[in-house]
Amino acid sequence: MVLSKTSSESDVSVHSTFASRYVRTSLPRFKMPENSIPKEAAYQIINDELMLDGNPRLNLASFVTTWMEPECDKLIMSSINKNYVDMDEYPVTTELQNRCVNMIAHLFNAPLGESEAAVGVGTVGSSEAIMLAGLAFKRQWQNRRKAEGKPWDKPNIVTGANVQVCWEKFARYFEVELKEVKLREDYFVMDPVKAVEMVDENTICVAAILGSTLNGEFEDVKLLNDLLIEKNKETGWDTPIHVDAASGGFIAPFLHPELEWDFRLPLVKSINVSGHKYGLVYAGIGWVIWRSKEDLPEELIFHINYLGADQPTFTLNFSKGSSQVIAQYYQLIRLGFEGYRNIMENCRENMLVLKEGLEKTGRFNIVSKDDGVPLVAFSLKDNRRHDEFEVSDMLRRFGWIVPAYTMPPDAQTVTVLRVVIREDFSRTLAERLVCDIEKVLHDLDTLPAKISSNLAINGEEADKNVAVVIKKSALETQREITTVWRKFVLERKKMNGVC
Amino acid sequence: MVLSRPASESDLSVISTSGSLFVRDSLPKHKMQENSIPKEAAYQIIHDELLLDFKPKLNLASFVTTSMEPECDKLIMESINKNYVDMDEYPVTTELHNRCVNMIAHLFNAPLGDSEDAIGVGTVGSSEAIMLAGLAFKRKWQNKRKAEGKPYDRPNIVTGANVQVCWEKFARYFEVELKEVKVREGYYVMDPVKAVEMVDENTICVAAILGSTYNGEFEDVKLLNDLLLEKNKQTGWETPIHVDAASGGFIAPFIYPELEWDFRLPMVKSINVSGHKYGLVYAGIGWVIWRSKDDLPEDLVFHIKYLGADQSTFTLNFSKGSSQIIAQYYQLVRLGQEGYRHIMENCHENAMVLKAGLERTGRFNILSKDDGVPVVAFSLKENKGGHDEFEVSEMLRRFGWIVPAYPMPPDAQHVTVLRVVIRAEFSRTLAERLVHDVSIVLHELDKLPPKVSAKGKEGAPVTAAHEENGDIDGAGHKRKSTDLETQREITTYWKNYVIAQKTIKRQKVMAS
């Protein structure tokens, strides 16, 4: 506690926050201020500045959970000061993590006995989970190669070009080569046939995604498994599979239980899932499960005597909060199978409502599939005058955050907008979004086409541009843009109708 | 939102939680159950089981903050649903992160212009921070060796044997050899002279700790810097220094501002600090600062378009909560330098009170220094009566205190210490109470029979260092026992112990 020292001004506690001088001085940005300020002022000023952040619930770009029940919020707040890694001091919290690991392992049909403890760990997110899984594969492969007396300095991993960035991070930080299977214009996930062709003796594993970030599609893990079994028979390399089920891991078992993608397939050795996506917990929790003890090399596990007790640990992070682990357990027992199933079915229904609404406008191609992660990825049928990025920008004015992005190679001519349907995205919101998108299209139709020189920079879209390509100076371009926007704003002010 | 389905039982909303059948079923431990349960029941059941965790504030083993102001708790709860990595959607949160980086960089005297942005990043803790710093050193060194046409497959890092486990993790996971400078009895941190001797052409950096976890001591970074400058002149290797200031980074600038340990020393290229230790934030935030852009190789930084906007990222974790970052900014702005100084001075004072109290019992050696992290590390003077620090630790638990006991690192592993960390919320009252309870524990231990032999040491966690140990207590004798004999010895010991305890209790009851 801070010893109270007598202040040199009149008693600060009397002034209301907005009457005090604290709202007149600008908050420091580069150096710590010399003096303290009252806690109420600190709270108010920071809180007010944070009002300018986007509204998390309207962030349709993200898969990550943005709403939990108040009871769970209470549990979170009361455990915010527990450092998860103090396993000796917080044995119940540690036990809850273990129960979550067991439950999720069973959800993925891990080959376990009735009371056998699963092999897995809670992480801060799928990034850490993937790095741990990758490390395990890399070490296993290295040990095997050393035993065979073969070189082990050039490990690689085979994935689709649609992988999330954390695989590229893993590859770059842990010095593993990333061999990407390129996409095609009509096939936005990893092709199992091509993937298996790319496997060589240095491949530590093949990573399949259950729920591609770009369009929500589930990759065909079963086909990959069958093809890889064949190849392994011929080559004897024993190449395993890792399934990145960051989004799909909490969807497939409830909506598509007959889909074989998990440990039911013999070559799948580890799976990661994000608790903070469809596990329905706030940001900061992921899980990685290994098939069995053999798939996690013992030398990677640390047994330490750090705070006075023996603690086995295989994570990249050490100290971290306990709240999300407890929240994950809350969700698993509060909802149970039926609860998760209901929620995923709702998400799917609302996704279909949104999809149909968009199709009815007649202006969009739907790029996502009906089965998979509940999201709608769509692109403009005709994007010569205005493209998806403009649609995305204009939707912000309504408060919606809908991202637009180009597909990875070799499908980079395709740009999509993507809306993720989370638990808290109700049908009302879906209908409202369709309405607002129609308004945006209407607005865009009244605007002139984008400045051509901007498009000339982007080689791929130049041929789609009907307008004449003229090289303009930066100043001219600026002037044109300002004129367009001025006109646009004037027109907007006329149109504030209710849908 | 979950669709409500009609339940097959009578209306659940009427039955009180304790009257419902939910408290009769055992909670699932291995598999998810089929049905949902009401949220009130879920809350109550989990909350009640968690009562059996120990109290965070009495956990004197940990450096990590366990108490923050209610205003900050409010900010934390309000931002709990913001995913930090959505920089485009939450620009203010990202801005607050950058301000923290700048402030901490200035705190460490990074050579920056007035409005120049510092190079650094917020992490989930010092583990991630250290891995990032280590990665940067490794990549820089590899690039240099490749350019020189020399082999780059055997990088190593020089540290003291007293390093925190995350350095060993870094070494093992990122395939860098760990060259440890052994400590000795009476000198429990890395010796700069020995460290510099161990530096070779494959050394990617030397890591010094400002605030050793074992006894809170600050290593002599200035001496290390000067010696390394000399060696670099001779060899031309340009070996840099990293300072692991996980604990010390928020202490030294406030109560030892004249101590040169940070970017004022030219060889120091990166520093990490735990926001959740003396940065006074709950668990889950650390910071790593680089001296300049040159010290962070560009090919490690990712520029991605994941959610529709361009974001640069150099962290191991991607999605994570924003709460701790906002809480860190709150603390920096709310307390300012004078606030942090007051708190650190208080911690230091209370550490002195505890130390004086323990010295007054006449039974302990104090192994921590007065300067450094406010920690009191102490060991029993002589193990007469055959009791050791582990027993003291065990018995203190009965009073609710968690005070860990552990052996020092090699080559001083025959020394066992108890360690109390003085955090911001550890007041003088608590310090005096702890001394009082320690006295009681000593008193009770004196009445108990001594432990049987080196093998009969129940409750002592087995580590490799521990097993190499000779006798800790003078009463033990080295004799190879069979498993069965050892079991019998342990059972007999505990039987005696429990009987003795019952006697003490009876005496207490009769006395009160």
Side-chain angles (χ1 to χ4, degrees), chain A residues 2-3 29-36 39 42-43 49-50 52-54 56 59 61-62 64 66 69 71 80-83 89-90 92 99 102-103 106 124-125 127-128 165-166 282-284 304-305 307-308 310 316-321 330 332 334-339 342 401 403-405, chain B residues 2-3 29-36 39 42-43 49-50 52-54 56 59 61 64 66 69 71 80-83 86 89-90 92 99 102-103 106 124-125 127 165-166 282-284 304-305 307-308 316-321 330 332-339 342 402 404 406 461 463:
Chain A
V2 178
L3 279 179
R29 284 157 216 272
F30 289 95
K31 299 192 192 172
M32 275 175 80
E34 175 53 36
N35 297 323
S36 311
K39 48 197 172 85
Y43 168 79
E49 196 168 2
L50 285 172
L52 291 164
D53 267 346
N59 178 6
S62 174
V64 176
T66 48
E69 287 173 329
E71 281 73 9
I80 199 104
N81 62 351
K82 285 191 193 170
N83 182 2
E89 281 72 50
Y90 311 124
V92 179
R99 289 184 201 167
N102 286 331
M103 290 186 192
H106 275 103
V124 165
S127 289
E128 186 187 354
V165 68
C166 64
Y282 295 128
I304 55 168
N305 189 3
L307 296 171
D310 179 57
L316 297 180
N317 298 294
F318 193 64
S319 291
K320 62 188 182 195
Y330 173 93
L332 290 173
R334 186 298 190 237
L335 295 170
F337 258 94
E338 77 170 325
N342 290 343
I401 298 168
Y405 48 85
Chain B
V2 178
L3 279 178
K29 296 176 210 278
H30 287 92
K31 295 190 196 174
M32 278 171 76
Q33 60 198 8
E34 175 57 31
N35 297 322
S36 311
K39 48 196 172 89
Y43 168 79
E49 196 169 3
L50 285 173
L52 290 165
D53 272 345
F54 284 93
N59 178 5
V64 175
T66 48
E69 286 172 332
E71 281 73 9
I80 199 101
N81 62 350
K82 283 190 194 168
N83 182 2
D86 292 346
E89 285 75 27
Y90 311 123
V92 179
R99 289 184 201 168
N102 285 331
M103 289 188 193
H106 275 103
V124 165
S127 289
V165 67
C166 65
Y282 294 129
I304 53 168
K305 251 180 128 56
L307 297 170
L316 298 179
N317 298 296
F318 193 63
S319 291
K320 63 188 181 193
Y330 173 93
L332 291 174
V333 158
R334 167 358 179 191
L335 294 170
Q337 300 206 26
E338 74 167 333
H342 291 158
I402 297 168
Y406 48 85
T463 62

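Because the structure is a prediction, the values reported are computed rather than measured. Chain A is the first sequence line, chain B the second, and so forth, proteins listed ahead of strands; every chain is numbered from 1.
If you tally non-hydrogen atom pairs under 4.5 Å between each of A:Gly125, A:Pro56, A:Gly54 and chain B, the highest count goes to A:Pro56. For chain A, the option among B:Val64, B:Leu52, B:Ile80 with the highest count of heavy-atom pairs below 4.5 Å is B:Ile80. Of the residues considered (A:Tyr330, A:Phe337, A:Tyr43, A:Tyr282), A:Tyr43 shows the highest number of contacts with chain B, using heavy-atom pairs under 4.5 Å. For the set B:Val124, B:Leu332, B:Asn317, the entry with the most heavy-atom pairs within less than 4.5 Å of chain A is B:Asn317. Put simply, of B:Cys166, B:Ala42, B:Pro56, the one with the most heavy-atom pairs under 4.5 Å next to chain A is B:Pro56. Most heavy-atom pairs under 4.5 Å with chain A, from the set B:Tyr90, B:Tyr330, B:Phe54: that is B:Tyr90.
We find the OG-CD distance between A:Ser36 and B:Gln337 to be 10.0 Å, quoted to the nearest 0.5 Å. The distance from the CG atom of B:Asn81 to the CG atom of A:Asn59 is 10.0 Å, given to the nearest 0.5 Å. The CE atom of B:Met32 sits 5.0 Å away from the CG atom of A:Leu332 when rounded to the nearest 0.5 Å.
Heavy atoms only, all atoms of each residue included: B:Ser319 and A:Val64 are closest at OG-CG2, 4.0 Å.
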- [ ] Take A:Glu71 and B:Lys39, measure what salt bridge (charged side-chain N to carboxylate O under 4.0 Å, His left out) needs, and give me the verdict at the end.
- [x] CA-CA 7 Å; A:Glu71 281 73 9; B:Lys39 48 196 172 89; 3.5 Å; yes

TODO: Step by step, work out the salt bridge (charged side-chain N to carboxylate O under 4.0 Å, His left out) result for A:Glu128 and B:Lys320.
DONE: CA-CA 11 Å; A:Glu128 186 187 354; B:Lys320 63 188 181 193; over 6 Å; no

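Side-chain atoms of B:His106 come within 3.5 Å of backbone atoms of A:Phe30 as a donor-acceptor pair (strictly under, hydrogens ignored). Using modelled atom types, no side-chain atom of A:Asn102 and backbone atom of B:His30 make a donor-acceptor pair closer than 3.5 Å. In this structure, the side chain of A:Asp53 engages the main chain of B:Val92 through a donor-acceptor pair within 3.5 Å.
Side-chain contact between A:Lys31 and B:Met103 is absent, with no heavy-atom pair separated by less than 4.5 Å. Annotation: side chain of B:Leu50 is in contact with side chain of A:Lys82 (closest heavy-atom distance under 4.5 Å).
Contacts between B:Glu69 and chain A at a heavy-atom distance below 4.5 Å involve the side chain alone, from C-beta outward.
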